[in-house]
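Here is the structure we will look at, set down as structure tokens.
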Amino acid sequence: MATRLIDESLFDGEFGGGSDAGDPPRLVGARCSVCGTVVFPRQDSCPRCPDGAMSARVLPVSGRVWSWTLQAFPPKPPYRPPSGGHRAYHVGYVDLGEVLVEARLAVPRAEIRIGLPVRLTTVTAYQDEDGTEVLTFAFAPDGDGGR
């Protein structure tokens, strides 16, 4: 089955790239040249200071769940439900050290908790009309237990 990323501007490099084949692409934010603020997703101006130039910043692949909730109802458009309709999923903020990233959490309910070590992965967001599996970023439990 063919796959593609939901938005390639969120990622660094080629899909399936990384040190091992099958590694998810890395997320890319931006860092201010003056105050050092890191943001995700990328943006052209710093939210903290008026003078800094923003440059691409590859983000760490692992962090910890900072906060989470259950997305029990379908979000507003442009959300596209997967085939079979909306199924509840966890969302939350992941602390990557220099930035909090809002993301899907591919974590079973029995395991999810604040402080849980997680690692970047991809999950299916939906399928295009032609059957292409569209992937988005998520974080799953990190068996290594940390950064």
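We count residues from 1, following the sequence as given.
- Minimum heavy-atom separation, Q71 to P75: NE2-CG, 4.0 Å.
- Scanning all heavy atoms of the two residues, the minimum distance from P81 to Y126 falls at O-CB, 3.9 Å.
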Output a table of donor-acceptor pairs, distance under 3.5 Å, between side-chain atoms of residues 34-42 and any protein atom two or more places apart or on a different chain; print 'none' if there are none.
| from | atom 1 | to | atom 2 | distance (Å) |
| --- | --- | --- | --- | --- |
| R42 | NE | S9 | O | 3.3 |
| R42 | NH2 | S9 | O | 2.8 |

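- Scanning both residues, V28 and F11, for their nearest heavy atoms gives CG2-C, 3.7 Å.
- Here CG of D95 is found 11.0 Å from OG of S62. Values are rounded to the nearest 0.5 Å.
- The structure places CZ of F139 at 12.0 Å from CG of L116, a figure rounded to the nearest 0.5 Å.
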Atom pairs and distances, side-chain donor-acceptor, residues 130-137, under 3.5 Å, sequence neighbours left out:
| from | atom 1 | to | atom 2 | distance (Å) |
| --- | --- | --- | --- | --- |
| D130 | OD1 | T132 | N | 2.9 |
| D130 | OD1 | T132 | OG1 | 2.8 |
| D130 | OD2 | T132 | OG1 | 3.3 |
| E133 | OE2 | T124 | OG1 | 2.4 |

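- Put simply, the side chain of R64 never gets that close to the backbone of I114: no donor and acceptor are under 3.5 Å apart.
- Using a 4.0 Å cut-off between a side-chain N of Lys or Arg and a carboxylate O of Asp or Glu, E98 and R31 do not qualify as a salt bridge.
- Of the inter-residue distances, the one linking L10 atom CG with L59 atom CG reads 10.5 Å to the nearest 0.5 angstrom.
- Here the side chain of H90 pairs no donor or acceptor atom with the backbone of W68 at under 3.5 angstrom.
- Between A88 and L70, the shortest heavy-atom contact is CB-CD1, 3.9 Å.
- Remark: L105 CG to T121 OG1 distance equals 12.0 Å, nearest 0.5 Å.
- Closest approach of R80 and D128 over heavy atoms only: NH1-OD1, 3.6 Å.
- Using modelled atom types, no side-chain atom of Q127 and backbone atom of E129 make a donor-acceptor pair closer than 3.5 Å.
- C49 approaches G52 most closely through the heavy-atom pair SG-N, 3.8 Å.
- Q43 CD: more than 12 foreign heavy atoms inside a 6.0 Å radius.
- Tracing side-chain contacts under 4.5 Å through hydrophobic residues (I, L, V, M, F, W, Y), one reaches V61 starting from V99; they form part of the same cluster.
- Expressed to the nearest 0.5 Å, how far SG of C32 lies from CZ of R57 amounts to 12.0 Å.
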